[in-house]
Every structure is written in C-alpha cells, then in structure tokens.
Amino acid sequence: MAGSSVTPTNVPVGVLGATGTVGQRFIKLIALHPYFRLHALGASARSAGQPYHKAVAGRWKQTTPIPQAARDLIVHACVPEPFQGCAIIFSGLDADVAGDVESAFRRAEHAVFSNAKNHRRDPQTPLVVPLVNPSHLSLIPYQRSIQSPPLQKGFIVTNANCSTTGLVVPLTALEKAYGPLDAVMVTTMQAISGAGYPGVPSLDIMDNVVPYIGGEEEKLEWETSKILGGITLDGTTFDLHAESPLRVSAACNRVPVMEGHTETVSVRFTKRPPPTPQQVRETLEAFTCAAQAPLCVPSAPKQAIFVHEEIDRPQPRLDRDFQNGAGVNVGRIRECPVLDVKFVVLSNNVAIGAATSSIMNAEIAIAMGLVSL
Ligand SMILES: NC(=O)c1ccc[n+]([C@@H]2O[C@H](COP(=O)([O-])OP(=O)(O)OC[C@H]3O[C@@H](n4cnc5c(N)ncnc54)[C@H](OP(=O)(O)O)[C@@H]3O)[C@@H](O)[C@H]2O)c1
C-alpha cells in the first residue's frame, strides 16, 4: 500500500454527534491533531443553536477542559448545508439517526467516517479497523460510482463495533503468521461508557454484571468475518472470509468499569500442530500494520499490540490509556485445553474502539489519495 509523501495541512473537519461520548473524544483528539481543524459541529435539536460549551454544560465528561477550538463553535442540526467546506465528516451519531443522516452527507459529496452500526453491513461500505484492513478502503471509488447519481467525492467508511476492534487485531496477526483460524470463543467484559451517556443506570451496573448487551454478540460474530475477509476479484464487494469461514462464538457482558473493554479469547488454528503459546507471544509482539509503515499516519500507535508479561495484566484501569488508547493490549497467553491457545485482550472502547479508529481511517484514506482536499 503506497503512502503519500505530502503531509496535508489545515484540513477542515466536521463532527456529527459532537456532544456525545464518542463525539467528545473526537473534539479532544481533533483539537490536538497535527492537520485536522474543527470547522463545524452537529448534534440533535436539543443542542442545536447553542455554542458548544453551552450545549455540553454539565455533560462534558473528559478529564481535560473543553478545547478552545470547540468552545464557541455553534452546534448545528445534522444537515449538510452548515458543513459545506468540511473535507471530512466524523460521525458519532446515535444509531437511531445515523443511517439516514450519513447517507444525506454522502449524497452532498462529503467523506463520512462513521462509528454507528447502520452502514457496516452495506456490501460496498468498507468496515475498517485501521490496524487491520485499511486495504478495504480501495473500494471507495466503486462505492462512489454506484450511487445515484454517481459521486465525485462522497463516500461512507465505518469502523467496527468497539469489542470487535480489540478482538480482530490479535486475530489478524495470528492469521498472517499461521494461516486461517478455525474457531474463536470470546467472552467480553465491556465498560459502561460503551453504552453512551448516560448509559446503563447506576443501580443496574454498580455491584453487578449484566450478561446481555443487545445485538453485541451478533456484531462480534459477523463483523469479524467482513474485517478479516478480502475484496472479491472483480473489486465490487467483500468476500466475508469466504474461503475459510471462521466460526466465532461471543458472550458479551457489561461490567462496572468506566472505560476499556476486556475480552478473554480462545483460538483454534487450522494449522496442525498449532503454534505454541511462546510462538503466539512472539508473533503478537512482532505484529506491525500499514498505518505504522509505509503509511506512517500520525495517530498510529508505536506498537499495534503490546504484550504484557505480568501474570495479572492487562487491566482496564492500568492499561487503557497506554499509547493514548490507540493500540491493543494482550496478556496471559497460554495453552487452551479445549481449543489451542487462550489469552486476554484489552482495548480502549472510546479510543481505538471509536474516535481514534475513525481519525486513523481518515488519515489513511488521505494518505491513499482517496479524499478530495
Ligand atoms: N461509546 C462507545 O464506546 C462507542 C464505541 C463504538 C461505537 N459507538 C457508536 O457511536 C455512536 C455514538 O455513541 P455514543 O456512545 O457517543 O452515544 P451518546 O453518548 O448517546 O451520543 C449520541 C450523540 O448523537 C446525537 N443525537 C441523538 N439523537 C440525534 C438526532 N435525532 N439528531 C442528531 N443528533 C442526535 C446526540 O446529540 P445530543 O447531545 O444533542 O442529544 C449525541 O451527540 C453510536 O452509534 C454508538 O453505537 C460507541
């Protein structure tokens, strides 16, 4: 994958859903970004018409103050007109509205990078985890060509569900080294912030584990196939890992953790004999991705997978902010008496699981020459 040698400057971006959990993380990251510049913000009618700092008064939940670049921007309704002039649109919209709103922005020739589930299954919409499958962005020109009327600049790219994102990074490293995986069993312990704000009532989650998150297990099971699969030979859609269907069984739980999804994972390889836990450890540590090189995008982590040696790590409170939440933590790699190898994964659901993924996807699309600046 070729990288552009020209670093862009001063790229105006818009954020839809700017007042929410993911939207606030976008604001925080973009305000510090080397070339993205906040240009327009959108949210619901509850927030529209107010300066951003008033719209989020009492619900700014970041550990740093509202960035100056956002404070006085007026929050708009999520319609394309006030976003003219934005080269990139980041969406942290609620799934109840994201589908139609993001389609309208694409029709208005915007490059949309979405966190919502609505377009993930579209056969021509890349579902991209930036540490895993940025090559799927090459379907963007075809997606533009089949819109009615065909588009010059507009497209939609989605990132994955927050728990899928943490899972597929080590799975990709293992498939690259040892060939197709046969089966994966994953049990998640997902943070409360994954449900947005105000999310799960405190009386339901304190002193408790909720063994059900609506739609989550299905997302983990099918998204993994699209992300680990390729593009069909005619370049018109995704093959959903068709050559060697991977069986994924997910059990998803909400736990009283603020940020950071922990997942226990057992893997069976098709390769016999399978790799040893020590080989798996070395493979995960050595894994590098195109976002790091050759693309060298600014939000890529130095290490895509950090393998912990301590027997009781990774832990969400201690490890979720490592590398600004842009990488994935793995630990406790050991033999599995039922499948082959098991380990623990921790990823930051609002960083690499959401806003950081979108930002990195946009950086990669720019580096691949797919965004009109
Ligand atoms: N939280 C996570 O860890 C995470 C991770 C990955 C993906 N996601 C996905 O990202 C999206 C946002 O999640 P979140 O956790 O940030 O949710 P959230 O905290 O509930 O925020 C939702 C945002 O959508 C806006 N909104 C709601 N109804 C709207 C409408 N009718 N028109 C325009 N804007 C509207 C809200 O604006 P107001 O403030 O004005 O109501 C708010 O800005 C969801 O699709 C979610 O599934 C979340």
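Atoms within each ligand, like the ligands themselves, are counted from 1 in listed order.
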Checking heavy-atom distances from atom 22 (C) of ligand 1 to each of G199, G17, G92, the winner is G92
Does a donor on one side chain sit under 3.5 Å from an acceptor on the other, for Q143 and Q147? no
The closest protein heavy-atom partner of atom 6 (C) of ligand 1 is G353 O, 3.3 Å
For V350, the ligand 1 atoms with a heavy-atom partner under 4.0 Å come out as 3 (O)
For A95, the atoms of ligand 1 under 4.0 Å from one of its heavy atoms are 45 (O)
The closest protein heavy-atom partner of atom 19 (O) of ligand 1 is T21 N, 2.9 Å
Return yes if a side-chain donor-acceptor contact under 3.5 Å exists between S47 and R59, otherwise no. yes
Next on the checklist: Polar contacts were defined as any N/O atom of the residue lying under 3.5 Å from an N/O atom of the ligand; does this apply to L93 and ligand 1?
Outcome noted: yes
Of all protein heavy atoms, the one nearest atom 16 (O) of ligand 1 is V22 N, 2.8 Å
Exactly one candidate in N159, T158, T21 meets side-chain hydrogen bond (donor to acceptor under 3.5 Å, both in side chains) with N115; the answer is N159
Any side-chain donor paired with an acceptor under 3.5 Å for S193 and E259? no
Would you sort out whether Q278 and R281 count as a side-chain hydrogen bond (donor to acceptor under 3.5 Å, both in side chains), showing the intermediate values? CA-CA 5 Å; Q278 180 57 23; R281 180 174 297 111; 2.5 Å; yes
Atom 21 (O) of ligand 1: closest protein heavy atom, distance to 0.1 Å, is G20 CA, 3.3 Å
Taking only non-hydrogen atoms of A354 and a 4.0 Å limit, the atoms of ligand 1 in range are 5 (C), 6 (C)
Nearest non-hydrogen protein atom to atom 7 (C) of ligand 1, with distance, is N115 O, 3.5 Å
Quick note on ligand 1: atoms under 4.0 Å from a heavy atom of T19 include exactly 36 (C), 37 (O), 38 (P), 39 (O), 40 (O), 42 (C), 43 (O)
(Q) Below 30° counts as parallel, above 60° as perpendicular, anything between as tilted: where do the rings of F36 and F90 land? (A) perpendicular
Under a 3.5 Å threshold, yes or no: a donor from one side chain and an acceptor from the other, between H241 and E175?
yes
* Asked: Does Q24 have a heavy atom less than 4.0 Å from any atom of ligand 1?
  -> no
Quick note on ligand 1: atoms under 4.0 Å from a heavy atom of D94 include exactly 24 (O), 27 (C)
Compute the shortest N/O to N/O distance between G23 and ligand 1 and return yes if it is under 3.5 Å, no if not. no
Of all protein heavy atoms, the one nearest atom 29 (C) of ligand 1 is S44 CB, 3.5 Å
Nearest non-hydrogen protein atom to atom 20 (O) of ligand 1, with distance, is Y197 O, 3.8 Å
- Task: Ignoring hydrogens and angles, state whether a donor on the side chain of Y178 or T283 is under 3.5 Å from an acceptor on the partner side chain.
- Result: yes
of all protein heavy atoms, closest to atom 3 (O) of ligand 1 is N349 ND2, 3.0 Å
May I ask whether L346 and V341 are part of the same hydrophobic cluster, defined by side-chain heavy atoms of I, L, V, M, F, W, Y residues being less than 4.5 angstrom apart, directly or through others? no
If we number the atoms of ligand 1 from 1 as shown, the ones under 4.0 Å from a heavy atom of R59 are 39 (O)
Could you tell me whether atom 47 (O) of ligand 1 has at least one protein heavy atom nearer than 4.0 Å?
-> no
Original post:
Would you call R272 and D340 a salt bridge, taking side-chain N to carboxylate O under 4.0 Å as the test?
Top reply: yes
- prompt: Is a side-chain donor or acceptor of H136 paired with a backbone partner of P126 at a separation under 3.5 angstrom?
  reply: no
Would you please determine whether S193 falls within less than 4.0 Å of ligand 1 on a heavy-atom basis? yes
Cluster link F113 to L29, ILVMFWY, side chain under 4.5 Å: yes
One finds that the ligand 1 atoms under 4.0 Å from a non-hydrogen atom of A116 are 45 (O)
Query raised in the report: Parallel, tilted or perpendicular: which fits the ring planes of F83 and F105, with parallel below 30° and perpendicular above 60°?
Result: perpendicular
Check: Can you get from L16 to L38 by hopping between Ile, Leu, Val, Met, Phe, Trp and Tyr side chains that sit under 4.5 Å apart?
Finding: no
Can S299 and E363 be counted as having a side-chain donor-acceptor contact under 3.5 angstrom?
yes
Short version for K117: what comes under 4.0 Å of ligand 1, heavy atoms counted, is neither
The atoms of ligand 1 lying under 4.0 Å from a heavy atom of S47, numbered in the order shown, are 38 (P), 39 (O), 40 (O)
Examine ligand 1 and decide if any of its atoms is less than 4.0 Å from a heavy atom belonging to R46. yes
- Got an N/O contact under 3.5 Å between V97 and ligand 1? no
